Every structure is written in structure tokens, then in C-alpha cells.
There are 2 protein chains.
Amino acid sequence: MKQRLAAIGTVETLPHRVAAFLSREIESGELNTGARLPTEQELSEKFGVSRNVVREAIAQLRADGMIEARQGIGAFVLAPEQRAAIRIDREALKDTHNMERLFELRCILEAESASLAAARRGQEHLDSIKAALDRMGGEERWEEGSIDADLLFHREIARATGNSYIHTFISFVCEQIRQSIHYARMTNPLHDLVEINVGEHVRIYDALVAGDPEAAEAAMRAHIIGAANRVGVKLPLQKTSGAK
Amino acid sequence: MKQRLAAIGTVETLPHRVAAFLSREIESGELNTGARLPTEQELSEKFGVSRNVVREAIAQLRADGMIEARQGIGAFVLAPEQRAAIRIDREALKDTHNMERLFELRCILEAESASLAAARRGQEHLDSIKAALDRMGGEERWEEGSIDADLLFHREIARATGNSYIHTFISFVCEQIRQSIHYARMTNPLHDLVEINVGEHVRIYDALVAGDPEAAEAAMRAHIIGAANRVGVKLPLQKTSGAK
DNA sequence: GTGATACATATCATCCTACAACTTAGCTCG
DNA sequence: CGAGCTAAGTTGTAGGATGATATGTATCAC
């Protein structure tokens, strides 16, 4: 299980809390684009923390391109388009509606990923994907290890596209979903559902081996819709691209 | 033009430089997953800056999920899958190969975005999209204003999907591309190219009005491939989904 | 009265020191 | 030999001091 528990149990540090507060205030629109933040001193008084803590919080927001600090003047909220990073609010994912949307995005990325991978994969890629598949099926029940293998399977497919950005984006989205589900304890499906899940993966793998992009895309689409259903998320009807 | 120049001309602050250095050391693999970073004091001596500056740098990396700091022990490099944010290295985009890949990702996202938007758009969405289109065509030459309108056009389409994550991801990718191109001064295409560009947008808009997902997707795909070509990036052949 | 210069103020940037909280390893003592 | 304690190392937080930069104000020359 490695050190993952340590990561989950991370204490909320003061700068993190301050950053989260400001970030939410910006997202919610209480601080509009162009608005000036309170001075560091005011913030440190307001939150009852040292100016050092406030600065660390602001450093985070600045790195994300949410605000811009100008010496001698103050800090200002930047336009949403200027963000230098994508970040997903874990809280928001507790709303099933949002989880649904995230699954939809994942479906888009992974469907095309499977399609491209089918066209571009080499033997080494197939080997890595197969290895993940075996690890997944090797487990008796659906546990931490199986989930790791599951995600690895999807990441390896993304890697087979030869496009590192696709890999990065898919890894990110999958991980967000995984952690949210883990947190909500939606996991641990019944045994027969596990077999269905593995079966769906096998179908994707077969299409990759055959080098058939359309089949791979269809199989991936079906799998993700199925995976969403299994954790209680009903995906809206996608394009009927599978049906002729 | 607003305040954008200020954002571009942002000075490189010390914490930013330290963070960039450490970040690069992690990406390059010099600091592997699980490795322990030097202590804050060692870092502050190494870079010749105060411990405060080092802490701000570490705060950024921590917020991104690149490292995990544990009181009393030290800071450790986390696995790439655990990243809490997506960030794109602007430097890497100077390599045409990477730009190509980013365009490919954009194509995937936007094609599906157009398809979904065609199926789900309301009148208000069409109005916003049309407004952006008019602003784009209104300009004589292809300047800052036209580019803004261009991006807005794509963002509004993404908004019409009703999926905020799709909107976020597309906005982000487009902005990264825009800024890289702006930086490389690849812009300012010839006049006839401008007309081609606007024409492509009109075709997308018409498909959205008609509520035809397949046509919208095809038009968007053609447009992005064209846009890439116009800045000197040749996209690899995508799926031939348009051609039956 | 008007314009330019110098000054005072506000704010962020950086540095410094000190202490608290936490972890580990080693040592003491029963 | 083992349990508990101590000491050292590291990150977390606090608070103040100084430098750099932008802005507004007052002063002074004309």
C-alpha cells in the first residue's frame, strides 16, 4: 500500500486554508476579475495568522494564475482565462451532477485515446497494457490493488497514443475520480459486477491488439458508461457513434 | 487590451525561480518519486535566499501535489499520478513536436465539444456565439482583438455543452496555445488566410444553429487542423470520421 | 495659477530570529 | 534487556525589520 495513507491524512496547513478561502471567494465571484485583494496585513489580521502564512497562500494563487501581485500596489484577481493550471475542487465532486460531467469529460478523452492507441500502439505498449490487465484480473476481490491496476491500464493506453498531453490529462481526470469515489466509499461493487468490469477491459484490449480504432473507441465508451453506472453515476446519452 | 501587458511583464520572483528549479529537477527524474528533498535550510543556503523564499516555493509545489511535506521529517516527491493540478511547461511548447501534440488534444476536446453543443445549445448560447463571431469578422486585420474574439467563440461553444469541466479544459488548452504562439510571433497571417479562418468559424456556427452534431464536429475538426497549419503546425491524420 | 520636483505613505519582496510541534534516534535508568 | 526519557533535527508559525516600487501630496520656482 506504500505511503499513500500518509498523503490522504495530510493535515490542513494554515496557508492551505487561507488559499482555499480566497480561492473560493474568487470562484464564487465575491472577488471579481480585476478586484483588489485586501493587503497582506489586513488578511493576516482577518484570519489571525502571521503575514508569512498569508504570503504562502498568495504564492499558491499566484502560481495558478488566479491573482497577480504588484509591488507597491497590491494583489489583483486575474481573468479566469489566464489560469496557468487546472485544478478540480474535490468538494464540488460530492455533487453527483458534477461527477456526471467529469465522467463525460473522461469519456471524451478516453474514447479518442483508445482510438489513437489502436492505430499507433507498438508491441511494448501492448505488453504493458496486458500486464495491467493481468494484475487486475488476478485479484480475488475488488480492492486497492485492483483499482491501481485499473487506472494503470487506462494510463498505459494513453501512453500508447504517443501524446504526453493526452496521458497527462487522462491520468489527472482518472485520479480525481478515483479519489472522490474512494472518499465517498462508493466502491466495493458486487462480485458479478467485477467480472463485468474485467470483461469490458478485455474487450478494449482485444480491439487494441487487432489495431481497430473504431472498435477500441466503442469498447472504451461502453466501459466508461458502465463504470459510471457501477458507482451510481448515470451518464447522459452520448453520441450514438457506436451504432453504425 | 486591458491590463494584459502587466501580466505578461510579470517579473520573475525569487520563490518562482526556486520552484521552477525544483520542479524541473523532479520532472527530469533527478529527484525520483519518494526521494527526500534537501532541508529548507540547505535549500536556502544553496540558492542564497532566505528560508522564507524557499517555503513559498515549496508551498507552490505542495499545492500542485508534486511534493508532500511532513513536519519533523522533511519533504518528499510524490508520484506523478498524485498531481493535484495540470500545468503545461511553456518552454516545452517551443518544440513544434509538442505544439503538435497539444493541438491534437485540443482537436479531441473541441470536436466533441462542438458535437455536444450542437445537441444541447439554447438560443442564448447561439446568441453569445454569434456575438463572438461578429466581433471576429468586424476587425479589418487579424489583431489582438480578433484573437480574443476567436477564443471567446470557442469558449462559448464549450459553455453551450453545459459541462463546466469541458469549458475549463478547453479554455486552458486554447490559452496555452495562444500565449505560446503570441510569444513566438507566429501570428499575423495573410489577409486571405483570415477570410478562410472566419469562413471556417461560420461553418461551425451554421452547424450549431442547425443542431447537427456530426456536421459541427466535422467543421470543428477541419477548423482546428486548418488553424494548426496556419501557424506552421502540421497535425497527424486524425480519424477519418468525417468521411463516412 | 501652473508645473515640476521632493517627500511621505502604502504595499509587496525579502530577510532574520525565535519558538512551537512533530519525528527520530540514542541514551539513561530501572 | 526493555521502557521511557532526552536531545537533536525538521517543518510550521509568529513577528519584526529593511528594501523596492508605485501613488498621492506638498512644496517651491516661475
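All of these numbers come straight from a predicted model, not from anything done at the bench. The basis for the numbers below is simple: all heavy atoms, side chains too, and nothing from hydrogens, waters or symmetry mates. In what follows, chains are A, B, ... by sequence order, proteins preceding strands, each numbered from 1.
Nucleotide D/dT23 holds its C1' atom 12 Å from the CZ atom of A/F76, rounded to whole Å. The CZ-P distance, from B/R62 to D/dT11, rounds to 11 Å in whole Å. Taking atom CD on A/E40 and atom C1' on C/dT14, their separation rounds to 11 Å, with Å as the unit. Protein atom CD of A/E42 is 9 Å distant from nucleotide atom P of C/dC12, rounded to whole Å. Atom CG in A/L61 sits roughly 13 Å away from atom P in C/dC12 (whole-Å rounding). Between the CD atom of A/Q41 and the P atom of D/dG15 there is a distance of 12 Å, rounded to whole Å. Atom CD of B/E56 is separated from atom C1' of C/dC16 by 15 Å (rounded to the nearest Å). One can place NE2 of B/H16 at 15 Å from C1' of C/dA13, the figure rounded to the nearest angstrom.
We find that B/R155 and B/D148 are not joined by a salt bridge, their nearest charged nitrogen and carboxylate oxygen being 4.0 Å or further apart. A salt bridge between A/R159 and A/E156 is present, with a side-chain N of the basic residue lying under 4.0 Å from a carboxylate O of the acidic one. The pair A/R36-A/E42 fails the salt-bridge criterion, with no side-chain N (NZ, NE, NH1 or NH2) lying under 4.0 Å from an Asp/Glu carboxylate O.
Listed by chain and number, the residues in a side chain to side chain contact (heavy atoms under 4.5 Å, CB included) with A/F21 are A/E25, A/K46, A/F47 (sequence neighbours excluded).
Checking the phosphate oxygens (OP1, OP2) of D/dG15, no side-chain nitrogen or oxygen of A/R55 falls inside 4.0 Å. OP1 and OP2 of C/dT23 both lie 4.0 Å or more from every side-chain N or O belonging to B/R70.
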- Candidate pair A/I129 and A/F153, rule side chain to side chain contact (heavy atoms under 4.5 Å, CB included), full reasoning: CA-CA 6 Å; A/I129 296 170; A/F153 178 84; 3.3 Å; yes

- Passes side chain to side chain contact (heavy atoms under 4.5 Å, CB included), A/D150 versus A/H201? Steps please. CA-CA 9 Å; A/D150 187 346; A/H201 282 96; 3.0 Å; yes

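Nucleic acid contact for B/L14: sugar-phosphate only, since backbone atoms but no base atoms lie under 4.0 Å from a heavy atom of the residue.
Taking the C1' atoms of five terminal pairs at each end of the helix from C/dG1-D/dC30 to C/dG30-D/dC1, the two resulting helix axes are inclined by 30°, rounded to 10°.
One N or O donor and one acceptor, one from the side chain of A/N52 and one from the base of D/dG15, sit under 3.5 Å apart. Counting atom types as modelled, A/R51 pairs a side-chain N or O with a base atom of C/dA13 as donor and acceptor under 3.5 Å.
Looking at residues 43-50 of chain A, you'll see that no heavy atom sits under 4.0 Å from any atom of DNA chain C.
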Side chains of residues 164-172 of chain B: which donor-acceptor partners sit under 3.5 Å, not counting sequence neighbours?
| residue | atom | partner | partner atom | Å |
| --- | --- | --- | --- | --- |
| B/T168 | OG1 | B/S164 | O | 2.9 |
| B/S171 | OG | B/H167 | O | 2.9 |

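For residues 84-104 of chain B, there are no ring-ring contact (aromatic ring centres under 6.0 Å, His included) pairs, not counting sequence neighbours.
With hydrogens and angles left out, the side-chain atoms of A/R101 and A/N98 include a donor and acceptor closer than 3.5 Å. For the residue pair A/Q179 and A/E175, a side-chain donor N or O sits within less than 3.5 Å of a side-chain acceptor on the partner.
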Scan nucleotides 4-9 of chain D against the protein and return all N/O pairs shorter than 3.5 Å with their distances rounded to 0.1 Å.
| residue | atom | partner | partner atom | Å |
| --- | --- | --- | --- | --- |
| D/dG9 | N2 | B/G72 | O | 3.2 |

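Panel note: side chain A/S28, backbone A/R24; a donor-acceptor pair is recorded below 3.5 Å. At least one donor-acceptor pair under 3.5 Å links the side chain of B/S128 to the backbone N or O of B/E124.
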